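Remarks on the structure that follows.
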Amino acid sequence: MPVPKWSFVAVFVAVLFVLVPSTGVAQDFETKAKQAYLMEAETGTVLFAKNEDDLIPPASLAKLMTMELVFDALRNGRLALDDTFQVSENAWRTGGAPSGTSTMFAEIKSSVPLEDLIRGVIVQSGNDACIVIAEGMAGSEDTFAQLMTERARALGMTKSVFANSTGLPDPEARVTMRELVLLARHIQQTYPEFYPIYSQAEFKWNGINQRNRNPLLRANIGVDGLKTGFTEESGYAIVSSIERKGRRLFLAMSGMSSIKERAEEARRMLEWGLRSFEKRQLFSADEIVGNASIYGGEQSDVALVASGPVDIFVPTTNADRLKARIIYNWPINAPVEEGTQIGVLKIWVGDTLSQQTPLYAAESVARGPLHKRALDAAQELMLFWL
């Protein structure tokens with residue numbers, strides 16, 4: 001059996017393991033944003049986190065979830081791009097020209113192809129387009145909002161709640177920066193046929209040409225999405241993605257005081273993220289990461305491996321600020337089948353939990369003989385009382 005690259009020391013009833021000590025704080029960056037979350041796309045490494053689990057009003061960032069439902073329906077054949085949806089009086093008054101909000105200027109009682117409504121939402125941030133889609137897909141916006149929250153849970157977004165398709169103010173609607181990054185990453189990776197719409201510079205409808213509201217698209221730095229938003233309660237916000245030289249980052253931030261500050265802070269953080277980290281492989285494919293104790297097995301432990309290489313992005317300066325722990329529910333009862341998920345490898349860079357990787361049994365462990373099970377039971381009892 002290969003020797004693990006890192007040595008682990010049990011520090012709490014064989015549940016917690018430590019890799020190397022942390023020597024400082026990894027986040028050598030400050031931002032005016034009240035909430036922010038920055039992730040590298042390939043490895044899922046968290047590069048920056050600040051109040052990332054605060055629940056705040058989504059504003060137009062809610063439109064990311066509206067589009068996810070549309071893309072999912074298109075992917076599964078429940079909708080087609082040439083399907084048409086009628087503009088109701090409610091959609092026109094609430095999100096159209098009379099509303100005074102962002103709109104694609106769809107005419108009341110007209111029929112609009114879904115492909116154009118999608119661009120109306122993404123490029124023009126049209127509230128009317130969102131409501132038309134919601135009513136067309138679910139019968140009412142309230143029902144559609146319930147579907148948005150249900151879909152969020154299915155995608156692993158455990159906190160975010162959506163109250164409408166637009167992000168217009170509602171006391172029930174709340175999102176977090178962490179979960180918006182997860183949603184943006186999901187959209188980019190799952191729907192490559194639709195994601196390029198987020199970088200479309202402008203869209204003309206009803207004789208009115210409107211530019212994409214994302215100012216970073218015009219900065220020519222590699223940004224190709226996704227959405228901006230604003231509420232009086234939480235300030236200016238943005239969800240953005242940048243790709244440069246094969247490296248992609250996702251960013252969500254909120255709480256800026258102006259449009260200018262939002263653009264400056266987002267650009268500054270994205271540039272810092274690209275410049276200040278380098279990729280490092282911690283474990284190669286099939287390399288043993290550590291071991292977990294087995295109760296009642298023919299052997300006392302089982303080797304753990306990841307599903308592939310374990311890579312992480314670390315700061316280019318002080319890259320030794322790594323701390324890792326293998327966490328699993330002890331005791332693990334035999335028998336154990338090869339490939340069963342046993343626990344999770346959690347890696348911190350300084351004080352930031354940067355990555356979580358599932359770990360699996362590298363081999364099968366059969367149930368042990370009676371005397372071995374009795375010995376393990378006695379040992380478990382002793383550890384329990386200690």
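All values derive from a computational prediction rather than experimental measurement.
Remark: Glu202 engages no residue in a salt bridge (charged side-chain N to carboxylate O under 4.0 Å, His left out) (not counting sequence neighbours). Residues satisfying the side-chain hydrogen bond (donor to acceptor under 3.5 Å, both in side chains) test with Thr357, not counting sequence neighbours, are Gln355. Tyr236 meets the ring-ring contact (aromatic ring centres under 6.0 Å, His included) test with Phe230; sequence neighbours excluded. With sequence neighbours left out, the side-chain hydrogen bond (donor to acceptor under 3.5 Å, both in side chains) criterion links Arg211 to no other residue. When the salt bridge (charged side-chain N to carboxylate O under 4.0 Å, His left out) test is applied to Glu107, no partner is found at least two apart in sequence or on another chain. In this view, Thr43 and Glu40, Thr45 satisfy the side-chain hydrogen bond (donor to acceptor under 3.5 Å, both in side chains) rule, not counting sequence neighbours. For Glu42, the side-chain hydrogen bond (donor to acceptor under 3.5 Å, both in side chains) partners two or more places apart in sequence, or in a different chain, are Lys279.
Using modelled atom types, one finds a donor on one side chain and an acceptor on the other under 3.5 Å when comparing Thr166 with Asn164.
In this structure, the side chains of Gln146 and Thr149 stay at 4.5 Å or more apart for every pair of heavy atoms.
For the pairing with Val223, the side-chain contact (heavy atoms from CB on, under 4.5 Å) check across Leu249, Asn214, Leu251 returns one residue only, Asn214.
Between atom CG of residue Leu183 and atom CG of residue Leu61 there is a gap of 10.0 Å, rounded to the nearest 0.5 Å.
No side-chain donor-acceptor contact under 3.5 Å links Lys50 to the backbone of Gln35.
Ring geometry for Tyr191 against Phe71 counts as tilted: the plane angle lies between 30° and 60°, on a 0 to 90° scale. Classification of the Trp205-Phe203 ring pair by plane angle, with boundaries at 30° and 60°, yields parallel.
With a 6.0 Å radius and a threshold of 12 heavy atoms from other residues, nucleotides or ligands, Gln341 has its CD atom above the threshold. Heavy-atom contacts from other residues, nucleotides or ligands closer than 6.0 Å to CD of Glu232 number 12 or fewer.
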Kindly determine whether Glu278 and Arg247 satisfy salt bridge (Lys or Arg N to Asp or Glu O under 4.0 Å), including the steps that lead there. CA-CA 10 Å; Glu278 61 185 5; Arg247 183 181 301 182; over 6 Å; no
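Under a 4.5 Å side-chain heavy-atom cut-off, the cluster of Ile, Leu, Val, Met, Phe, Trp and Tyr residues that includes Tyr360 has no other member. Through direct or indirect side-chain contacts shorter than 4.5 Å among Ile, Leu, Val, Met, Phe, Trp and Tyr, Val161 is connected to no other residue. Through direct or relayed side-chain contacts under 4.5 Å between Ile, Leu, Val, Met, Phe, Trp and Tyr, Val344 connects to no other residue. Summarising the hydrophobic clusters (Ile, Leu, Val, Met, Phe, Trp, Tyr; side-chain heavy atoms under 4.5 Å, direct or chained), the residues clustered with Leu353 are Trp348.
Among pairs with a residue in residues 217-230, those fulfilling salt bridge (charged side-chain N to carboxylate O under 4.0 Å, His left out) read Asp224-Arg248, at least two apart in sequence or across chains.
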